[in-house]
Amino acid sequence: MSFKRWQNVPEVQDAASKLAASAQKYASLIAENTTDSKSQAQKLWSSMSSSYWDILFALVDAQTKAMPEALTFDPEERLFIDLGCLPGVINLSPKFDPRAWLASKCAGDIFPVMTFSDYIAECWAAVTGNPAPVPTIGMSLNDRINTLNESLFTAQGERDEFVKALSEKYTTNLNITQSLQTLDEFLISATKVNMRVPEYREGDEATRQKLAQQRKAYNDAEKGIQLFVSSAQKNEANPLPIPQVEKFTALHEKTKIIAKEILYSQIDEVKIARRTKKITDACAQMTDQMKRGEFRNMIVKKREYLTVPAKNARCDMSLLAQPGSTPIDYAKDFEIVREFTCMDVEMFNVPRVRMYGIPRVIFVPGQGLGTYDWSDHTIIIPAFPVGGNDKSVSYALGTFRWDSDEDRKLKTPYEQQIKENRKKSLLALAASFYKDYSLWMTKEKRGYRILPRETHKVFVSMFTVRAED
């Protein structure tokens with residue numbers, strides 16, 4: 001028996017039994033290993049795909065009948081909803097460790113990260129007006145901000161210790177300790193001005209002046225430290241090696257990146273609350289039955305986008321796991337998301353982010369290449385990537401970059417400055433960009449020349465970091 005929590009719910013058991021019978025027949029056809037049996041197996045597998053949604057809706061309908069404050073899913077249900085796996089019916093690779101997978105946690109970061117079952121639980125919370133549950137693989141917003149603050153403190157400490165060690169080897173008139181203290185104290189203020197956050201953009205004159213003065217103090221201290229490092233590099237007797245200069249630059253830039261992430265996360269708090277309130281208010285006067293219907297509609301709307309990763313990769317669109325397959329490690333895959341975000345530092349400097357905040361990252365069942373759901377402002381990454389984790393993540397971020405390029409900082413040069421792109425349709429142009437962006441992030445940014453000369457030149461111009469005002 002599957003889904004023992006719902007052993008007395010006929011709809012759940014009937015849907016699960018239907019899948020079990022089909023899966024057994026499918027395995028028998030595969031075992032026959034003939035041309036005809038393989039053809040029949042393929043047709044059967046296609047018909048089995050609808051079982052995923054039959055079981056999913058049976059599970060959520062069974063749980064929402066009682067109108068609970070929050071939806072919860074046990075390990076078996078999470079394995080099915082998030083991976084399309086049903087132990088004893090559709091099994092994953094023997095190397096797959098379900099306990100480790102169930103315990104997996106992604107590091108705190110700017111992105112809200114969740115699985116599909118987390119997303120479903122979040123939708124229910126919004127419809128019923130209850131607090132959103134903490135994602136099983138992620139953190140609450142406050143915990144993410146606290147983690148980022150801890151990371152910033154560590155990063156500043158590493159940079160400061162490195163510069164202090166240099167000051168013991170190279171003489172300078174600069175007060176190193178005071179300059180570093182200024183960098184640490186006024187980094188957030190300087191970043192607020194650079195990002196033109198609402199506090200600065202909409203604040204009163206006194207607030208704006210204070211932030212501007214703190215930004216100037218930061219910039220002066222930064223220039224002083226950078227000049228000190230540059231002078232050490234030019235020291236005739238004992239020049240500072242270039243790798244050491246690059247280390248300083250990396251340590252310093254890391255503090256600025258984390259500061260931006262903290263502010264983005266703080267700004268997101270307001271936008272997340274506004275988005276949730278909009279849904280809650282729209283459902284406030286609904287009957288329980290109507291709320292359940294609206295909740296179901298939210299899942300149905302996401303249903304179409306869950307097939308996009310497979311369409312992008314031109315592979316099987318079923319959300320059921322291929323028997324014997326191995327899913328991604330969420331924590332490791334999320335590290336790739338974080339790495340690529342740091343490599344494309346202008347990613348969030350777009351109107352869509354200023355309006356809606358940082359997109360959520362949702363790991364979904366099925367296979368293919370990652371994508372971006374414009375309608376729901378979510379980055380979608382399949383549990384079974386085609387072509388490797390790096391490729392799947394880079395496609396997802398590339399889709400986000402293209403779809404959020406409302407001011408055409410990417411679209412115009414990519415179309416007009418690359419000769420072969422000028423005659424492409426909009427869909428072909430977008431598909432071409434996803435592929436080139438993936439190569440740019442996974443190969444070119446790591447030192448390998450893969451893109452054609454003309455395309456490489458355009459990508460260099462598009463993704464060169466512009467000086468802050």
Side-chain angles (χ1 to χ4, degrees), residues 1-7 9 11-34 37-60 62 72-105 115-118 120 136-137 303 306-307 309-310 313 315-333 362-368 381-389 392:
M1 177 181 290
S2 300
F3 307 114
K4 294 180 180 178
R5 185 156 71 126
W6 309 108
Q7 59 182 328
V9 179
E11 292 81 2
V12 173
Q13 295 305 319
D14 289 349
S17 297
K18 180 181 176 182
L19 176 60
S22 296
Q24 185 177 12
K25 185 176 180 181
Y26 175 79
S28 298
L29 290 170
I30 291 295
E32 289 180 21
N33 198 29
T34 65
S37 67
K38 289 179 180 179
S39 176
Q40 291 183 49
Q42 185 58 47
K43 292 179 181 178
L44 179 59
W45 180 263
S46 297
S47 68
M48 287 167 59
S49 298
S50 62
S51 295
Y52 175 86
W53 293 103
D54 293 340
I55 294 175
L56 172 64
F57 284 122
L59 287 172
V60 295
T72 59
F73 300 102
D74 65 23
E76 184 183 22
E77 292 162 9
R78 285 180 58 194
L79 282 166
F80 180 77
I81 295 172
D82 297 331
L83 298 180
C85 159
L86 190 55
V89 176
I90 297 179
N91 296 305
L92 296 177
S93 166
K95 297 179 181 179
F96 174 66
D97 183 352
R99 290 187 180 181
W101 177 81
L102 289 165
S104 179
K105 291 282 186 180
T115 62
F116 189 43
S117 61
D118 292 328
I120 292 171
T136 55
I137 64 167
R303 177 175 181 169
L306 263 60
T307 64
C315 62
D316 177 30
M317 291 191 291
S318 175
L319 297 185
L320 296 175
Q322 290 285 345
S325 57
T326 303
I328 57 174
D329 181 318
Y330 291 144
K332 291 181 180 179
D333 215 57
I362 302 181
F363 290 105
V364 300
Q367 55 184 328
I381 300 178
F384 301 92
V386 172
N389 295 4
S392 178

Handout entry: For the student: nearest non-hydrogen atoms of Ala310 and Asp316, plus distance
Key = CB-O, 3.4 Å
Handout entry: 4.5 Å side-chain heavy-atom contact, Pro382 and Pro365
Key = no
Exercise for the section: Would you confirm whether Glu32, through its side chain, and Ala27, through its main-chain N or O, come within 3.5 Å as a donor-acceptor pair? Expected result: no
Exercise for the section: Check whether the side chains of Asp118 and Thr115 place a donor and an acceptor atom closer than 3.5 Å, and report yes or no. Expected result: yes
Exercise for the section: Assess whether side chain to side chain contact (heavy atoms under 4.5 Å, CB included) is satisfied between Lys105 and Ile137, documenting all intermediate values. Expected result: CA-CA 4 Å; Lys105 291 282 186 180; Ile137 64 167; 5.5 Å; no
Exercise for the section: Could you tell me the separation between the SG atom of Cys85 and the CG atom of Leu79, rounded to the nearest 0.5 Å? Expected result: 5.0 Å
Practice task
Could you verify whether a donor N or O on one side chain and an acceptor N or O on the other, from Glu77 and Trp6, lie under 3.5 Å apart?
Solution key: yes
Problem - Separation of Leu102 CG from Thr136 OG1 (nearest 0.5 Å) - result: 8.5 Å
Problem - Heavy-atom closest contact (Ala321 atom, Ser325 atom, distance) - result: CB-OG, 4.1 Å
Problem - Stepwise side chain to side chain contact (heavy atoms under 4.5 Å, CB included) test for Leu92 and Phe384 - result: CA-CA 11 Å; Leu92 296 177; Phe384 301 92; 4.0 Å; yes
Problem - NZ (Lys332) with more than 12 external heavy atoms under 6.0 Å - result: no
Problem - Inter-residue atom distance Thr72.OG1 - Arg78.CZ, 0.5 Å rounding - result: 11.0 Å
Practice task
Take Ile328 and Tyr330 through the test side chain to side chain contact (heavy atoms under 4.5 Å, CB included) and record every step on the way to the result.
Solution key: CA-CA 6 Å; Ile328 57 174; Tyr330 291 144; 4.1 Å; yes
Completion exercise
Separation between OG (Ser39) and CG (Leu44), nearest 0.5 Å, reads 11.0 Å
Fill in the blank from the handout: Separation between CG (Leu59) and CD (Glu11), nearest 0.5 Å, reads 11.0 Å
Practice task
Look only at the side chain of Ser46 and the backbone of Gln42, and say whether a donor-acceptor pair between them is shorter than 3.5 Å.
Solution key: yes
Handout entry: Chi angles and distances behind the ring-ring contact (aromatic ring centres under 6.0 Å, His included) call for Phe80, Phe73
Key = CA-CA 10 Å; Phe80 180 77; Phe73 300 102; over 10 Å; no
Practice task
Give a yes or no on whether the backbone of Leu19 and the side-chain of Ser22 come within a donor-acceptor separation of less than 3.5 Å.
Solution key: no
Practice task
Using a 4.5 Å cut-off on heavy atoms from C-beta on, say whether the side chain of Gln40 contacts that of Ile30.
Solution key: no
Practice task
Would you name the heavy atoms of Pro327 and Phe96 that are closest together and state the gap between them?
Solution key: CG-CE1, 3.5 Å
Exercise for the section: Report the distance from atom CD1 of Ile90 to atom OH of Tyr26, rounding to the nearest 0.5 Å. Expected result: 9.0 Å
Handout entry: Closest non-hydrogen atom pair between Asn91 and Gly88, with its separation
Key = OD1-N, 2.8 Å
Practice task
Could you check if a side-chain atom of Ile55 sits within less than 4.5 angstrom of a side-chain atom of Phe3, using non-hydrogen atoms only?
Solution key: yes
Exercise for the section: Indicate yes or no: at least one non-hydrogen side-chain atom of Leu29 is less than 4.5 angstrom from one of Lys38. Expected result: no
Exercise for the section: Would you indicate whether the side-chain heavy atoms of Trp101 and Asp329 approach each other to under 4.5 Å? Expected result: no
Problem - Close side-chain approach of Glu76 to Ser2, heavy-atom, < 4.5 Å - result: yes
Practice task
Report yes if the side chains of Leu319 and Val364 come closer than 4.5 Å at any heavy-atom pair, otherwise no.
Solution key: no
Handout entry: Crowding at CD, Gln24 (>12 non-hydrogen neighbours, <6.0 Å)
Key = no
Exercise for the section: Before giving the answer on side chain to side chain contact (heavy atoms under 4.5 Å, CB included), spell out for Asp54 and Asp14 the whole-Å C-alpha distance, their side-chain angles and the decisive distance to 0.1 Å. Expected result: CA-CA 10 Å; Asp54 293 340; Asp14 289 349; over 6 Å; no
Practice task
Side-chain contact test, heavy atoms from C-beta onward, threshold under 4.5 Å: evaluate it for Trp45 versus Gln322 and give yes or no.
Solution key: yes
